[in-house]
Amino acid sequence: MPTRNPFTNPDTRSAVEGPFAREEVVLANRNHGIALEMLRHDVTPAGLHYLLNHFDIPYVSEADAAAWTLSIGGTVERSISIPLAEIKALPAVTQRVTLECAGNGRGLFEPRWPSMPWMREAVGTAEWTGTPLRAVLDRAGLKPETIDISFHGIDSGFDKSNEHEYGRSLKPDLARDENVLLVWAMNGQPLLPQHGFPLRMIVPGWYGMASVKWLNRIEARATPYQGYQQVGTYHFRQKEGEQGTPITTMRVKSLMVPPGIPDWYSRKRLVEKGPVTIYGRAWSGGGTAIARVEVSINGVWRDAELDPPAGRFAWRGWRLAWDATPGGYDIACRATDVAGNTQPTEAIYDRGGFGNNSLHSIEVFVR
Ligand SMILES: Nc1nc2c(c(=O)[nH]1)N[C@H]1C(S)=C(S)[C@@H](COP(=O)(O)O)O[C@H]1N2
Ligand SMILES: [Mo]
């Protein structure tokens with residue numbers, strides 16, 4: 001047994017290839033993704049929405065929730081503590097928002113960073129009910145010297161020997177954007193424990209790390225927030241040790257509902273010959289709309305039909321009719337947004353496994 005606190009030892013991880021480690025499997029069991037066939041739902045049922053929890057899910061009883069407060073301090077006119085009941089009494093809005101984890105696709109990189117080994121499934125869309133964050137910031141009154149605002153959850157632990165509560169920051173202009181919400185309900189129900197009960201943030205258009213769960217403290221700042229989750233990770237990096245560039249909004253991406261039926265273990269697909277509809281979803285970041293989705297069947301690209309848009313921050317459904325004839329096929333999809341961003345065929349390498357928006361392709365055998 002260690003006699004010294006071992007949690008402050010230097011992190012010994014480095015990029016790896018080959019089999020997944022036991023630690024990666026443990027993280028994968030804790031943080032499930034959406035089952036790709038459930039991309040058929042416009043709104044992901046709450047229990048099928050992906051999860052990413054760095055530490056433990058905090059135990060918050062109904063009594064704890066009833067006594068929950070959100071404190072706002074730092075460079076504000078008035079340091080305040082607002083009871084959750086008062087936040088819930090503010091004008092409520094419901095927004096359909098697609099969230100994706102910035103680490104989605106990490107497990108597909110070679111070499112890969114040992115962490116949550118997502119393949120493609122760290123995405124989901126929910127209807128979030130809450131009130132614009134702006135309302136509570138304005139109650140406290142941001143002082144003019146405020147250049148950054150940090151948001152803190154009650155969950156804590158270690159990463160790379162740094163002990164911290166999960167925390168992230170936003171610049172004041174974004175924090176005061178009407179679309180950034182303090183949220184207490186998901187798909188019309190109270191937040192589930194794993195999704196941040198009783199209060200979380202939703203920062204639409206951004207990768208999921210910005211949407212702090214179990215939120216109880218806000219700190220306005222005259223200097224940039226330097227918390228571990230802000231500067232130690234969530235940066236695009238080519239080499240370990242470099243600062244890199246901060247990760248912000250989601251990259252354009254699309255996924256397919258795997259057609260046909262799977263083999264239990266390999267998940268390879270068997271499809272019967274004849275007419276087949278291939279369904280999927282496409283999204284981009286920062287509220288940028290999807291312009292086009294193309295599907296390749298053995299290298300021949302065709303335009304998919306797009307469903308009507310379902311909100312500025314929600315994914316867009318698409319479908320392609322295919323007359324399947326017997327044989328082996330590789331099916332891939334590619335989205336392009338109205339700003340002209342499109343998915344790369346090969347993933348853009350990232351040391352930490354972030355931002356992988358390479359093409360989703362599926363092997364299918366038609367019988
Ligand atoms: N307090 C807290 N907030 C958090 C996290 C966390 O570990 N703790 N994970 C973040 C990350 S990395 C993602 S991708 C989203 C996931 O939200 P979900 O689990 O509700 O899908 O929550 C974010 N908010
Ligand atoms: Mo994430």
Side-chain angles (χ1 to χ4, degrees), residues 27-28 30-35 38 43-60 68 70 95 97-107 113 115-130 150-159 162-170 180-187 189-218 227-230 232-236 246-251 253 283 285 315 350 352-356:
L27 290 178
R30 293 184 54 81
N31 295 297
H32 67 77
I34 192 172
M38 290 288 95
V43 174
T44 311
L48 288 161
H49 194 282
Y50 87 92
L51 279 183
L52 195 294
N53 298 323
H54 287 77
F55 307 126
D56 289 350
I57 300 170
Y59 173 65
V60 179
W68 196 270
L70 176 62
Q95 273 255 41
V97 176
T98 296
L99 284 187
E100 184 187 11
C101 181
N104 200 12
R106 176 182 290 116
W113 186 252
S115 177
M116 176 62 203
W118 296 118
M119 302 301 162
R120 306 209 172 261
E121 57 294 279
V123 64
T125 297
E127 293 201 318
W128 302 101
T129 300
S150 60
F151 302 89
H152 305 265
I154 63 167
D155 52 326
S156 68
F158 286 84
D159 195 355
N162 297 287
E163 184 173 5
H164 59 282
E165 285 167 341
Y166 188 89
R168 288 280 311 178
S169 74
L170 297 175
V180 174
L181 303 180
L182 286 177
V183 153
W184 55 83
M186 177 186 194
N187 298 351
Q189 300 291 322
L191 291 173
L192 291 167
Q194 64 271 36
H195 289 294
F197 179 80
L199 187 68
R200 72 174 299 172
M201 293 167 66
I202 288 291
V203 184
W206 279 52
Y207 281 116
M209 74 279 155
S211 295
V212 176
K213 303 192 266 194
W214 311 293
L215 179 76
N216 76 339
R217 188 164 70 86
I218 299 177
Y228 178 80
Q229 300 292 339
Q230 191 70 30
T233 180
Y234 297 114
H235 279 66
F236 290 122
I247 297 173
T248 60
T249 55
M250 298 182 289
R251 288 176 170 166
K253 194 158 170 178
W283 65 95
W315 59 23
D350 181 75
F354 293 116
N356 186 349

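We count ligands from 1, going down the list as the structure has it; atoms in each ligand are counted the same way.
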(request) Classify the ring geometry between H195 and H49 as parallel (under 30°), tilted (30 to 60°) or perpendicular (over 60°). (result) perpendicular
(message) Just to be sure I understand the cut-off, which residues have at least one non-hydrogen atom under 4.0 angstrom from an atom of ligand 1?
(response) H49, Y50, L51, L52, N53, H54, C101, D155, Y166, H195, R200, G208, M209, S211, V212, K213, W214, Y234
(request) For the residue pair T125 and T98, confirm or rule out a side-chain donor-acceptor distance under 3.5 Å. (result) yes
(request) Name all pairs fulfilling the side-chain hydrogen bond (donor to acceptor under 3.5 Å, both in side chains) condition that reach into residues 202-215, sequence neighbours left out, sorted by first residue then second. (result) N53-K213
(request) Anything under 30° is parallel, anything over 60° is perpendicular, the rest tilted; go ahead and classify H54 against Y234. (result) perpendicular
(request) Decide whether a cation-pi geometry holds between R106 and F354; the criteria are a distance under 6.0 Å from NZ or CZ to the six-membered ring centre and an angle within 45° of the ring axis. (result) yes
(request) Output the distance between atom CE (M250) and atom CH2 (W315), rounded to the nearest 0.5 Å. (result) 10.5 Å
